[in-house]
Amino acid sequence: MNVTGVEEEVHSHTEHALWRAGNGACAGCGMSLGLQWVDQALDGEKPTMVVPACCAVVTPGSYPTTAFGVPAVATTFASSPSVATGVSRVRQMNGEDIPTICWAGDGGTYDIGLATISGAAERNEDIIYICYDNEIYGNTGGQRSSATLPGARTSTTPAGKHEPKKDIMAVLVAHRIPYAATLSLAHRDDFLRKIRVARRLRGFRFMVMLSPCPAGWKSDPAEGIDLVRAAVGCGLFPLYEVFDGRRYRINARPDGTALEDYLSRQGRFRTPSFDHAATRAAIAEQWAYLDAMEAAFPAGPREGSDVPAAPPPPPIAPEANGPVTGP
Amino acid sequence: MSRAYVTGNHAAGHALAAAGEANRRARGCCGGAYPITPQTEIIEYLMAHAFARGSVVPVESEHSAMGVCIGAALAGARAFTASSANGLLYMMENVFAAGYYRLPVVMVVSNRTLGPPWNIWADQGDSLALRDAPWLQFYCDSHQDLVDTILVAFRIAEDLRVLLPAIVAQDGFLLSHTQMVVDLPEQELVDGYLPPLDLPHHLDFGRPRMYGGMTWPRDTQRQRADIQAAMDRVPEVLDEALDDFERSFGRRPVSAFSAEQTGDADIVVVACNTLAETAREVVRARRAAGERVGLVRVKLFRPFLRQALVDAVGPASRVAVLDRNHSPGSGGIFWNEIATSLRSRPDVVLQDYIVGLGGSDVAPAVIDGIIRDVGTRDTAADPIFITEAVA
Ligand SMILES: Cc1ncc(C[n+]2csc(CCOP(=O)(O)OP(=O)(O)O)c2C)c(N)n1
Ligand code: SF4
Ligand SMILES: [Mg+2]
């Protein structure tokens with residue numbers, strides 16, 4: 001499936017693309033596509049990538065080659081936000097406006113790096129942090145993380161995980177950071193807009209992307225984008241953004257897609273312990289919460305526009321500015 | 001020079017700040033700060049300092065303090081921090097990383113006992129636990145030595161022939177919280193001594209590279225061999241740095257070792273940090289009583305300059321090592337290094353004494369007893385634990 005369009009494909013194969021061809025990511029890896037979309041959203045601007053131990057450190061290839069076409073620091077597992085703090089502080093004190101992007105897995109974000117990301121968020125460091133969440137430790141062969149869904153089988157939860165998925169957005173939103181958003185690989189305009197919005201803001205900006213991982217999900221590599229679309233459509237992965245940790249906007253609402261549509265195409269959910277009713281209840285509860293938050297604390301009409309506010313305000317295409325209503 | 005009556009921590013804070021400030025002509029300075037007794041006043045000093053081009057980040061852990069140093073150094077800044085004891089162990093993963101990235105970070109350590117049980121007093125087991133990290137390690141015996149060595153450490157660490165981070169250690173409380181009159185070098189002099197940092201492998205958009213990505217065994221072997229080669233170049237770089245220091249500041253800090261009255265000694269005591277200070281007094285008293293006793297003070301622990309140690313020990317036939325540290329199942333860590341160095345001297349009776357653990361007092365009488373003990377030995381025994389009660 002051609003999701004990026006010809007222009008972008010050419011762009012992603014140029015030597016100075018953020019994420020170049022020839023990398024070793026598995027076929028159908030969401031991380032790989034996500035990196036290319038980040039590159040496109042930055043419109044040619046080159047960031048510094050700060051990447052903790054995860055698939056994004058292994059798949060660029062071995063010394064002396066790398067798939068990263070921009071400077072990339074491979075840090076220790078828990079350290080991308082602290083290393084990025086150092087990079088970004090030095091850039092700021094030298095008057096350089098270059099985005100510093102942490103690109104980390106769910107293990108590096110929800111688990112071992114949680115204190116570090118909390119510290120950087122609390123200090124409101126000038127960092128864009130993107131978590132590609134494949135809900136598993138992919139790099140070490142598929143162990144559970146606190147992002148793994150309950151009921152999902154991993155190599156350390158052979159009968160299915162018992163605990164709920166950690167609500168990392170709520171954790172980061174509670175830090176009152178300028179921007180927090182979820183990213184979908186099935187909603188390209190929304191994805192690119194959010195990266196651009198984040199780029200224009202200052203301070204700690206957090207985004208989490210549901211990242212298909214055929215190896216860990218036991219799914220068909222060709223189906224990754226469809227699976228993400230189903231996850232958004234059935235309400236399991238809500239698309240929304242939060243400004244200053246206070247003002248909410250939902251970007252896509254459940255469209256009636258059946259939960260089964262998402263689950264049945266992934267081997268990881270074929271466990272006796274998977275509880276469909278409980279999962280549906282958790283989705284409903286999550287939406288009740290998000291709806292209530294958006295109703296009580298709505299984002300302003302211009303917040304989240306990917307077009308500079310002033311001066312002069314250029315015309316804004318409705319689909320680029322307003323809520324995305326599904327694919 | 002401005003003479004001031006200050007604590008070791010104040011002196012260290014001043015030296016780090018002056019070194020950082022000196023890089024305002026380049027990309028400034030940056031570091032992470034996290035408190036732990038007995039180094040806390042150092043990071044407080046840095047947080048209070050108004051840098052012309054600098055940023056000290058009050059992070060949420062030591063692991064992140066070193067993380068900030070790594071990012072800052074890669075972005076071209078002069079980077080520093082300070083820590084002690086459990087803070088160092090918590091930081092350890094990134095301590096190794098900073099060295100493997102070949103970043104000239106300087107870290108002051110106020111040596112403290114590792115816990116639990118919690119004990120804040122001096123013990124060198126904390127920085128010595130990092131002995132296998134790709135870092136230089138200096139041990140200081142006075143406030144002046146601390147200030148001077150911090151500046152020298154930046155010079156060597158940033159020298160392209162070395163390009164490795166450096167620890168500068170002082171004994172917690174014994175130096176960190178006691179006051180002495182110190183020459184605190186003025187900024188102008190430090191500016192002259194420390195050239196602007198130009199890290200050859202800083203983040204560069206013209207030459208996008210991946211730092212710390214995957215390597216195969218062959219390349220990793222080469223990286224480790226490069227680090228050893230850099231360590232091997234430290235002596236020449238240290239000599240130059242000290243010559244230059246003398247020209248700039250009018251005094252010369254001790255190099256790798258100081259040999260004191262060892263030329264004709266029968267018995268030599270090897271010690272470092274404030275233990276060497278106490279031992280110096282005892283050795284002087286023994287000399288006055290006509291005994292041929294000498295002292296070797298260990299200043300540079302990494303790299304450990306084996307031949308220089310042999311030369312410093314001189315002709316003595318008995319050597320007593322004072323170790324304020326303990327490697328369980330082995331013995332004193334300095335003793336292990338010295339035993340390796342003295343392979344060429346099988347005639348020497350080398351005895352290890354583990355003293356002052358957990359900050360227990362090592363009074364002159366203890367060292368006196370040790371000198372008496374080693375004098376009676378014809379063969380060495382296993383490392384001997386000296387406890388306060390026995391002494
Ligand atoms: C301190 C430390 N503990 C463990 C590891 C081993 N390790 C490397 S990557 C990884 C899992 C990464 O999972 P995640 O962050 O979700 O990224 P993914 O592999 O899924 O891309 C683990 C456990 C490590 N490198 N460092
Ligand atoms: S294991 Fe998963 S996350 Fe890692 S490269 Fe393969 S598909 Fe991507
Ligand atoms: Mg993962």
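What you see is a predicted model; the values in this text were computed from it and never measured. Below, read A as the first sequence line, B as the second, and so on, with proteins coming before strands; counting in each chain starts at 1.
- Summarising the geometry, atom OH belonging to A:Tyr63 is positioned 10.0 Å from atom CZ belonging to B:Arg218; distances are rounded to the nearest 0.5 Å.
- For B:Ala52, no part lies near chain A; criterion is any non-hydrogen pair under 4.5 Å.
- Across B:Ala75, B:Cys69, B:Ala79, B:Ala72, the residue that shares the most heavy-atom pairs under 4.5 angstrom with chain A is B:Ala72.
- Most heavy-atom pairs under 4.5 Å with chain A: of the set B:Ala97, B:Ala65, B:Gly76, B:Gly54, this distinction falls to B:Gly54.
- Atom CD1 of B:Ile70 and atom OG of A:Ser82 lie 7.5 Å apart (nearest 0.5 Å).
- For B:Cys29, the part sitting under 4.5 Å from any heavy atom of chain A is the backbone (N, CA, C, O) and nothing else.
- Interatomic distance, A:Ile117 CD1 to B:Glu60 CD, rounded to the nearest 0.5 Å: 10.5 Å.
- With a 6.0 Å radius and a threshold of 12 heavy atoms from other residues, nucleotides or ligands, B:Tyr90 has its OH atom at or below the threshold.
- For the set B:Gly213, B:Gly212, B:Gly71, the entry with the most heavy-atom pairs within less than 4.5 Å of chain A is B:Gly71.
- The two residues A:Arg89 and B:Cys30 make their nearest non-hydrogen contact at CB-SG, 4.2 Å.
- When heavy atoms are compared at a cutoff of 4.5 Å, A:Gln92 does not approach chain B at all.
- Distance check: B:Leu203 CG to A:Met49 CE gives 12.5 Å after rounding to the nearest 0.5 Å.
- With respect to chain B, the highest number of heavy-atom pairs below 4.5 Å among A:Glu122, A:Arg91, A:Glu125 belongs to A:Arg91.
- Within the model, atoms CZ of B:Arg209 and OG1 of A:Thr66 stand 12.0 Å from one another, a figure rounded to the nearest 0.5 Å.
- Counting heavy atoms from C-beta on, the side chains of A:Val73 and B:Met210 never come closer than 4.5 Å.
- Scanning all heavy atoms of the two residues, the minimum distance from B:Val59 to A:Arg123 falls at CA-NH1, 3.5 Å.
- Chain B forms more heavy-atom pairs under 4.5 Å with one residue of A:Ser62, A:Ala53, A:Ser88, A:Pro71 than with any other, namely A:Pro71.
- Here the shortest heavy-atom pairing between B:His63 and A:Thr76 reads CE1-OG1, 3.9 Å.
- The closest side-chain heavy-atom distance from B:Val68 to A:Val83 is not below 4.5 Å.
- Looking at B:Ser61, there are no atoms closer than 4.5 Å to chain A (heavy atoms on both sides), in backbone or side chain.
- Using a 4.5 Å cut-off on side-chain heavy atoms (C-beta onward), B:Arg24 and A:Met93 make no contact.
- With values rounded to the nearest 0.5 angstrom, B:Tyr101 atom OH is found 5.5 Å from A:Thr75 atom OG1.
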